[in-house]
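Worksheet: the structure to be examined is printed underneath.
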Amino acid sequence: MGRRITTFVLRCRSLFASRRVDAELDEELRFHLERHIEAQVCRGVTPEEARRRAVIAIGGLDQQREACRDARGVTFIDHTVRDLRYAARMLRTNLGFTLVAILSLTLGVGANTAIFQLIEAVRLRSLPVPHPEELADIRIAGGNGGLGVSENENSQLTFPLWERIREEQRAFSGVFAWGTTEFLVGSGPDARQVAGLWVSGEAFPTLGVTAAAGRLFNPADDRHGCSPAVVLDAAFWRAQFGGDPSVIGRTLMISDHPVPILGVTAPEFFGLEVGKRFDIALPICAAHSWGSLTERRDYFWLSAMGRLHDGWTVARAAQHLDALSRGIFDATAPLDHQPASVERYRRFRLTALPASNGVSSLRTTYAGALWLLLGMTGLVLLIACANLMNLLLARASAREHEIGVRLAIGASRARVISQLLTESILLAVCGAGLGVLLAPTLSRSLVALLATTSNPLDLELATAWPVLAFGCGVGLATCVLFGLVPAFRGSRTDPGVAMKAGGRGLTANRNRLSMQRCLVTIQVSISLVLLFGAALFVRSFRNLSSVDTGLRHDGLIFAMFADFSDRPSPERVLAAQSELLARIRSAPMVTSAATTTQFPLNGSSWTQGIELPASSAPARRSSKFTYVSPQYFSTVGMRILAGRDFGETDTAASQRVALVNETFARRYLGPGNPIGAMVRTVAEPRFPSAVYEIIGVVSDTKYSALREPTPPITFVPIAQHPSPRPWAGIAIRSSAAPPLAMAAVKRAVAAWRPNMTTRFTVFETQVRDSLIRERILAWLAAGFGVLAALLAMIGVYGVISYLVVRRRHEIAIRLALGAGRARVVQLILKEIVTLLLLGLVLGGALAIATASGASSLLFGLSPRDPTTLAGAAGVLAMIGVLASSLPALRARRASTRLPRSDRNEDVRLQRHLYSTAGASIAASPSWLRRP
Amino acid sequence: MSRPSDLVQGTLDLLLLKILALEPLHGWAVSQRLEQMSGEELQVSDGSLYPALHKLEQQGWIKAEWKTSELGRRAKFYALTRAGRKQLERETANWERLAAAISAIVRLEEV
């Protein structure tokens, strides 16, 4: 122990008091030499000879000093410290270069890390529960194929199905069901919408979620016909009640039902959906309290997960469930459906999927786009690295003289490499460090861009170790990429040649230049890929945003109204709806309003089977059905192309009538006059078969999503709705800005029914929000594309400048021998054209090879669109020619006199290269003056 | 200039430790003593002496002190530490084992 301390103290002394240690060493060696000389002189040797012999015996004073330092075991640290100091001084001297290098690395590493952080949060992170790897998602393989009614994206199973699965499965030590829904918490106009989670009694025990306060549900809380109780999310508890533990046992108004609060979940549990938080959880047995058709065999509203038994794999569980499928689906078939549907239902198979990462619609929507963005940022970083490498290569060759001197006086190659590499490492560490610091800000702003009012995003973006490791890995990779090659090449300088005043060769060193040519070719090709990608996404976004919805967007608002304190009876529903419409129409700034059961472009859909009795081939067809009040078409801006609008005379008692859209008429009714044709709907639960007479045709509109083609749509008067719902949606056309009109409508309705809850959607915003992924992809891709082109431009400029300066001798001789100046420019141009062509051909091949990866993200154009590729190549070629025209013209002005001094040449070269990097030309490369 | 080729690796350390175990000495005296004790058999160049001494000091086997030499000049004297004495015992034991083993092999009768 004592020995270690001694060692440590001595090492510190050699490191930090190195001057004194060196002085002592000198004194010690001098003492030795003097004694040696004395001894020799005593034997009769002349003093000069004695000194010579003594120095030879000891093997050279300097070598002896070095050897003693080595023996102390601090040379490595010592050298590193010296290299670092030297590197820092160099970087300070060339401040412009340093800033550009660090900035490009910061942005590159920052962008890469930020995107990776998002991917990690969305895709790779496990659910915050013990042993998430044991969880499996139980679902119907391939989904339910649109059978029955599906509540939302987390609706995989019906309640009867879930019960059978719970009874019969043997693969899991615990299974639970869950579903998501929206609730209104509070009452009247102050009520706010929260994210609700239905859970079966086994959910929290199986997941291993603990309570932060009170208690959570257990199987005893989830009995048939239970009275509801609610468990709060920790964040909701803090936001709503300030984390007050005394709220346990109090009641919360949930969609007009007072529900006692049972407990609060542990803060790390966010629910089962990545990217969304739940606010309140209720047992699934309580769903009937809100009038849900919970136990129907065709109502899909649940998902199920299980925790595997020891020794079971997900694959084995999937097999087990598959074997059970026949019995389970036979026992739960919705027999009141069409025989064909029932048969289809019986053939469903259950399966299990790994669920350690939870489920996420976010993942399916964004994972592809995020990986693509990561690829783009990676490529941009690669181009930036190539630029840095070019600069360092040029710099290494400008430093040939210095390095030659170092090698000549005995520095080992390893020392020279480590010294050159230290500079790159210093740059990489600064750049990557700042990049990792910047990443959270970037990823958070990206999340803020992605979140919309209708689809809030709640991602945990903690800087976890995988993210840090990724950032550091990228930093290291950049360092290796741009630092290693120049360092090795620099150290390969031949001292003899370098000492001859920097190599007075007449032509440039082919070998070194070929490396730089190669780099520029790669840069150009990668920029072409990025520019092409950017153009694809921008064009795709433009295609999407210029899609005609068929509706008039300005001032169009859709609103949902509900008053839970007063549920109109079925007979009073229509009267209540007309009263509501009248109130809204009377509000200021409202030009018209109409009732509808379906809001366009919000992703929902209502399909019914139809038969056309009069058609020659009375096959089964299907059409979207929307129930609307009179004036709906004029309100949303659809045109009636033939026939008439619905009127007040179309009532539940009168002849059933319908308007169809153009697609319907074209596809099902043929070229003849559609008016007067009959349409019979196929019977469905709550929707008995009925025959409608077509009284008109309306213009085509988009239905549930912008990307989808227009389906056949049938519009029916809401008064003839087979099973009217208490409250409906209202389309409102306002003459003023939507916020003003919304406030006016809210006031008008509140004056009538103070407890009315309202939810507005501005159509324009909704359309914009539905394109958020495309917009962000287009913007980011365009940004990266421009950045890539800019970097490539700098690369081309730098290399051509370098080339011209390096070939000054050659050019001067050519001019002196009588070559025309045009010929000289031609020489340089040939070089440029070769580089660009090579890069563009390579990049074109790369782009075509990789484009298919983006096909699912594109709209309205092929991923191999030749026009886009040609355009991108053209832009890049133009940029390349522009970038190189300046140095080419400089070659034209070259003097016929040979440059006087190579030192000047080096300085000029330096200036070219640093001005390339945007550095201040005034920054004098002082190290050139160093020995 | 480093190790003499005919000196078994690590043996120089053993010799230095042994010499310094007898009395504290400065570098010159150590080189004189080495020469004197081993005569022409072990050629230790002056060049390898100081790095070896510095290494031993760095490892804590010996410690250095500036004292006035017999000629009235300041000189760096090296002395064995307690850890160094233990190390000397270990290295001596090692050496004896090694030497005995090699001797035994060398003395094998050829048939």
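Every chain is numbered from 1 and lettered A, B, ... according to where its sequence line falls, protein lines coming before strand lines.
- Taking all atoms of both residues into account, the shortest heavy-atom contact from L421(A) to A487(A) is CD1-CB, 4.0 Å.
- Atom CZ of R51(A) is surrounded by 12 or fewer heavy atoms from other residues, nucleotides or ligands within 6.0 Å.
- Counting heavy-atom pairs closer than 4.5 Å to chain A, the top-ranked of the candidates A83(B), A75(B), A29(B) is A75(B).
- Neither the backbone nor the side chain of L33(A) comes within less than 4.5 Å of any heavy atom in chain B.
- Atom CH2 of residue W61(B) and atom NZ of residue K86(B) lie 9.5 Å apart, to the nearest 0.5 angstrom.
- With a 4.5 Å cut-off on non-hydrogen atoms, R82(B) does not touch chain A at all.
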- [ ] Could you please spell out the steps behind the side chain to side chain contact (heavy atoms under 4.5 Å, CB included) verdict for L25(A) and E28(A)?
- [x] CA-CA 5 Å; L25(A) 182 61; E28(A) 190 179 12; 4.1 Å; yes
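- Residue contact with chain B, scored on non-hydrogen atoms closer than 4.5 Å, involves the side chain of E34(A) exclusively.
- T81(B) does not touch chain A: none of its heavy atoms, backbone or side chain, sits under 4.5 Å away.
- Looking at Q32(B), there are no atoms closer than 4.5 Å to chain A (heavy atoms on both sides), in backbone or side chain.
- Looking at A39(A), the atoms closer than 4.5 Å to chain B (heavy atoms on both sides) all sit in the side chain, from C-beta outward.
- Salt-bridge annotation for E49(A) and R52(A): present, with a side-chain N of the basic residue lying under 4.0 Å from a carboxylate O of the acidic one.
- The ring pair (Phe, Tyr, Trp, His ring centres under 6.0 Å) analysis of residues 26-60 of chain A, with sequence neighbours excluded, yields the pairs F31(A)-H26(B), H32(A)-W28(B), H32(A)-Y50(B), H36(A)-W28(B).
- Most heavy-atom pairs under 4.5 Å with chain A, from the set G60(B), A64(B), P51(B): that is P51(B).
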